[in-house]
Amino acid sequence: MARQHFLVVAYPGQGHINPARALAARLARATGAHVTLSAAVSAHRRMFPSLAAPDEEVHDAGADGGGGISYVPYSDGYDEGFRLFAGDGEAAWRHAETFGRVGREAFAGVVDRLAARGRPATCVVYAFLMWWAADVARERGIPRVLYWIQPATMLAVYYHYLHGLEDLVTEHAGEPEFTVAMAPGLPPMAIRDLPSFFTDLGDTRLAAAFHGVRTTIEQLDIDRRSSSKPPMVLVNTVEELELDVLAASFPDLDILPIGPAATSLDGGAAAAARASRDLYKHDEKGYMEWLDAKPAGSVVYVSFGSMSVVSRRQKEELRRGLAATARPYLWVVRSDDRDDGDGDLHAGDGGMVVEWCDQVRVLSHGAVGCFVTHCGWNSTLEAVACGAPMVAVPQWSDQDTNARLVAGWGVGVRAATGADRVVEAGELARCVETVMADTEAAAAVRRSSAAWKAKVREAVAEGGSSDRNLKAFLDRIANVA
Ligand code: UDP
């Protein structure tokens, strides 16, 4: 096989960088190829805070277990970062426009610089929302593949929504129980289980954010029209988890499920080194030692990911609900999501509150018996891979659909929330008991979680579905290049 140079390009959010980095590491390990990861300057600076020049390229030789990864940032016009929920709809549209224009140009510069140095990219892997990277690659004749970092179910839902179902779904957006046959291979889906972009029509920030999804899917259409071969899509899922939709929903795409892309599932020093490059600084409290001292399956782990804004009222309900279970808990409250007085969140009731942790290590710890999660796809898949039963409290984007998958696999329950998405203390405690208590129903959830964990581990092992699909991708790319 001619020496490849994979250029993986990702949006500057933790939930985007994590699967991109995991895939980059796997490509480097599997092929010894050059792998470059390009993330926006705002993320690059946070990953590498002590560079002499803040936007300097970094070559990370050993930490990813292969030939290493080069990090070459692009500017998207928001070098200090952008927070969707900190502003209004106008700010969100401004961001979408700038991101599309400035990011595209800067990324074209990255591609051309690599070529001028004699190391041209031979394959551009454009992750979710990085639609213009496909354009840039197409203009230069570089093979490209979409890296879908949400479940295949979500790709099917978006794809079919944008190919004929938009009007119907919009017409019924206010009817949570109305069901729609969204895609072949999927049972009819209730409006409440569809992404909030379709249903929360009053929030113009969501319309701006959805623009990136729409334009990403459009890239597949452009490639489909211009080539006799179906466009290739790598999906961060596990074939066994989504067999029906994978088999039925994508006749005109070449779909390869290669997940789970969790950076530290393999454990060890390389994993720890990667986690230390998160966009958030790890809390120095000894949370792993704290977990070590807890009985097996006794701890409730709570996190709402890297983007969600958890309201003060929600925090108070969580605190009371957790206290009501009388179970020890480890709760992530990010430094950028703290209100005055949050220092008291864990006062004297057996919990530990941290600003950020190594989530996969936490989920892998035997003391963790339940994960209260917003159901971001990375968190969801990490929990499945670690066998941690979930209490789903979805907030926005794909999370309602992910919560439905969790319930469908029998690996957790979805908490009831009000229109403001707040789960109340009593409901939280009830859900936690539903997966942790000494009852037959809870034991069944734990058994399903353990069974799926085993299947996912098989998928990534040599000869498993994920491993085979990655090899199939490498073969296809070798034949295109
Ligand atoms: N994460 C982490 N430490 C934390 C909280 C989250 O490492 O304290 C990681 C988590 O493992 C996951 C990512 O951050 O890989 C969050 O991605 P997800 O898709 O779950 O949600 P998002 O942040 O995109 O809403």
Side-chain angles (χ1 to χ4, degrees), residues 10-23 25 39 43 46-47 81-85 127-129 147-151 154 195-197 206 209 212-213 235-237 259-267 271-285 287-288 290-291 301-310 329-338 352-365 368 371-386 388 390 392-403 405-406 412 421:
Y11 189 85
Q14 191 74 63
H16 299 247
I17 305 257
N18 281 1
R21 248 174 23 188
L23 177 62
R46 288 169 72 182
M47 280 194 278
F82 170 71
R83 289 173 65 199
L84 181 67
F85 294 120
F128 184 58
L129 303 183
Y147 182 26
W148 188 261
I149 57 169
Q150 295 183 342
M154 208 60 255
S196 61
F197 301 121
L206 297 188
V213 181
V235 186
N236 182 23
T237 190
T263 31
S264 44
L265 269 185
D266 48 350
R274 283 198 296 276
S276 73
R277 282 184 218 105
D278 280 352
L279 305 189
Y280 291 91
K281 200 167 154 293
H282 283 239
D283 202 303
E284 279 164 12
K285 281 184 204 149
Y287 56 85
M288 291 307 288
W290 182 86
L291 284 174
Y301 169 60
V302 185
S303 165
F304 281 60
S306 65
M307 278 187 79
S308 296
V309 178
V310 182
Y329 60 85
L330 177 63
W331 180 4
V332 179
V333 183
R334 296 186 325 267
S335 55
D336 61 4
D337 189 30
R338 294 210 167 197
M352 181 185 246
V353 176
V354 293
E355 292 192 4
W356 190 258
C357 68
D358 184 338
Q359 180 164 295
V360 176
R361 275 183 82 205
V362 166
L363 290 172
S364 308
H365 198 289
V368 171
F371 179 16
V372 177
T373 173
H374 71 314
C375 273
W377 180 242
N378 292 288
S379 294
T380 305
L381 197 53
E382 288 160 8
V384 175
C386 295
M390 281 171 265
V393 189
Q395 301 291 301
W396 77 296
S397 184
D398 58 335
Q399 295 157 15
D400 290 296
T401 313
N402 300 342
L405 291 172
V406 165
R421 299 271 182 170

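Ligands are counted one by one from 1 in listed order, and the atoms in each one are counted from 1 as well. Only this structure's heavy atoms are used, side chains among them; waters, hydrogens and symmetry mates stay out.
Trp356 CZ2, 3.2 Å is the protein heavy atom nearest to atom 2 (C) of ligand 1. Of all protein heavy atoms, the one closest to atom 24 (O) of ligand 1 is Gly15 CA, 3.6 Å. The shortest contact between atom 11 (O) of ligand 1 and any protein heavy atom is with Glu382 OE1, 2.6 Å. The protein non-hydrogen atom at the shortest distance from atom 23 (O) of ligand 1 is Ser306 OG, 2.5 Å. Taking atom 20 (O) of ligand 1 as the reference point, the nearest protein heavy-atom neighbour is Ser379 OG, 2.6 Å.
Counting only distance, with no hydrogens or angles, the side chain of Arg334 and the backbone of Tyr280 share no donor-acceptor pair below 3.5 Å. Side chain of Ser364 to main chain of Val360: a donor-acceptor pair is present (N/O by atom type, distance under 3.5 Å, no hydrogens or angles). A donor-acceptor contact shorter than 3.5 Å is absent between the side chain of Gln395 and the backbone of His374.
Between Asn236 and Leu23 the shortest side-chain heavy-atom distance does not fall below 4.5 Å. Inter-residue side-chain proximity for Trp148 and Met154 is flagged as met; some heavy-atom pair is nearer than 4.5 Å. In this structure, the side chains of Met352 and Cys357 stay at 4.5 Å or more apart for every pair of heavy atoms. Side-chain contact between Thr373 and Val393 is absent, with no heavy-atom pair separated by less than 4.5 Å. Between Glu355 and Lys281, the closest side-chain pair of non-hydrogen atoms is not below 4.5 Å.
By the 4.0 Å heavy-atom criterion, His16 is excluded from the residues contacting ligand 1. At least one heavy atom of Cys357 sits closer than 4.0 Å to an atom of ligand 1. Heavy atoms of Ser308 come nearer than 4.0 angstrom to ligand 1 in no pair at all.
Side-chain polar atoms of Trp356 and Asp278 form a donor-acceptor pair below 3.5 angstrom.
Near Asp278, with a cut-off below 4.0 Å to any heavy atom, the atoms of ligand 1 are 7 (O). Ligand-side atoms of ligand 1 in range of Gly376: 18 (P), 19 (O), 20 (O), 21 (O), range being under 4.0 angstrom from any heavy atom. Proximity to Asn18 (heavy-atom distance under 4.0 Å) selects the following atoms of ligand 1: 9 (C), 12 (C), 13 (C), 14 (O), 15 (O). Taking every heavy atom of Gln14 and a limit of under 4.0 angstrom, the matching atoms of ligand 1 come to 14 (O). Atoms of ligand 1 lying under 4.0 Å from at least one heavy atom of Ser303, given by number and element, are 5 (C). Atoms of ligand 1 found under 4.0 Å from any heavy atom of Gly305, numbered from 1 in the order shown, are 23 (O). For ligand 1, the atoms closer than 4.0 angstrom to any heavy atom of Trp377 are 19 (O).
Ring geometry, His16 versus Phe128: the interplanar angle falls under 30°, so the pair is classed parallel (tilted spans 30 to 60°).
Considering only non-hydrogen atoms, atom 19 (O) of ligand 1 lies nearest to Asn378 out of Asn378, Leu381, Leu279. Ranked by closest heavy atom to atom 25 (O) of ligand 1, the top entry among His374, Gln399, Gln395 is His374.
Residue Phe371 is tested with Trp331, Tyr301, Phe304 for a ring pair (Phe, Tyr, Trp, His ring centres under 6.0 Å); the sole match is Tyr301.
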